[in-house]
Amino acid sequence: MTSLLPASSGLFEKAFEASLSARWEELRAAVPAIRTAKLGSPPPSFLPFLVYEYGLGELTPYVPNLYDLINAGVRWSRIRGTYAAVAKGLSFVGVTATVEPAWHGRVWWNSAQLRFPDLPANDDPLLERIEGITRLSFPMRSDLRRGAHQYDIGAIEGDQTRLDASHIERESGIQIRDGGTLWSFGRTTEIPVTLTEAEGVAIGNWLEIPEEDGLLWIDMTYPWVTAEFLWADSPAIQRRVLMAAWFAGRELYLRFTDSTGAVIGYRRVRSCHPVALASDGQVAFAGQPYAVRSGGQIVYIEASTDFADADGVEARSVALISGASRAEGVPPGRLWLADGELTGGAIFAETAVNIPLRKTVRERFKFLVRF
């Protein structure tokens, strides 16, 4: 073995070197091992130090597996400050979204919103994680203003008009913490309904299916103004038109109940009209356009919860209520009513559902009632 010591080395140094000559080959192999120890598959004891060395500590809340953090975090840090980093960061929490920067003419020109193709799975803790990783990934001057899915009502520009600083200059959404991001989510549930005789009798809207002789005068308890049909129409069509017209302008409520049957709350229906299939329809159900028609033979009913109407409870059943009255002291304009604030009425179109009601999600229910 060639000595690596200088000529001025003493006896102790030379004796120590000689004692290692038998393990020289082992030491020779250890040199490249030490140099490449943090590459490939470092031992678990190395990981906290590598996270510190690479400056990835702020990502630990979003990538708990340190091996994944070392591999993916380094690539994220190289593109940090770009929209590509946002996509990479969101993949850490298992979601995808498109970044939509604000128009450059707005006061908050350096803000952006996330548009989600799918509804995030929960409010807590997922939204906080999405907000955190997005703010880390954004360019330094950019702010995360809002996240939206399905329900997206933008702000109206009312500058230098009487509408300046009014509510319509605010975009839809709700914060889950003070000063945080706005979240504006929506979810639609479509429920086809065929009104049964028992339900029709209960709500006071039922005509027996006519036989060949047609509708009987004794059964014609509907106002003449609702008879929007031709005399040449078949009795079955006339029956459906009369029963559909009964719903026009009627005040209905949508009732939510939980797994025990307890009432979660009531939401006033916002749309109830006879409709017919039409290419220029104002509403849609199951991908088909429907237009409001006075002589329509089916009924379109829609109700939508507001942000924070209910939170942290799962609706297991929904039903429509006709003829109910508000309890004493409940203002007529209130749209969401708690249990006990609505009395009486007849229930129809009760349907089992499995929907977690959340603060950030506006639940939209569409009913298409046939007779």
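Not a single ring-ring contact (aromatic ring centres under 6.0 Å, His included) links Trp109 to another residue, sequence neighbours left out. Every residue two or more places apart in sequence or in another chain that forms a side chain to side chain contact (heavy atoms under 4.5 Å, CB included) with Ala202 is listed here: Ala346. With sequence neighbours left out, Trp108 forms a side chain to side chain donor-acceptor pair (under 3.5 Å) with Asp143. Judged as a ring-ring contact (aromatic ring centres under 6.0 Å, His included), and not counting sequence neighbours, the contacts of Phe365 are Phe256. Phe307 is linked by a ring-ring contact (aromatic ring centres under 6.0 Å, His included) to Tyr151, counting only residues two or more places apart in sequence or in another chain. Every residue meeting the ring-ring contact (aromatic ring centres under 6.0 Å, His included) condition with Phe116, not counting sequence neighbours, appears here in chain and number order: Phe185. Annotation: side chain to side chain donor-acceptor pair (under 3.5 Å) contacts of Arg293 (sequence neighbours excluded): none. Glu341 pairs by the side chain to side chain donor-acceptor pair (under 3.5 Å) definition with Arg334, not counting sequence neighbours. Asp118 pairs by the salt bridge (charged side-chain N to carboxylate O under 4.0 Å, His left out) definition with nothing, not counting sequence neighbours. Residues passing the side chain to side chain contact (heavy atoms under 4.5 Å, CB included) test with Glu58, sequence neighbours excluded: Trp76, Arg80, Leu136. Tyr300 is linked by a side chain to side chain donor-acceptor pair (under 3.5 Å) to Glu302, counting only residues two or more places apart in sequence or in another chain.
Annotation: salt bridge (charged side-chain N to carboxylate O under 4.0 Å, His left out) contacts involving residues 66-79, sequence neighbours excluded, are absent.
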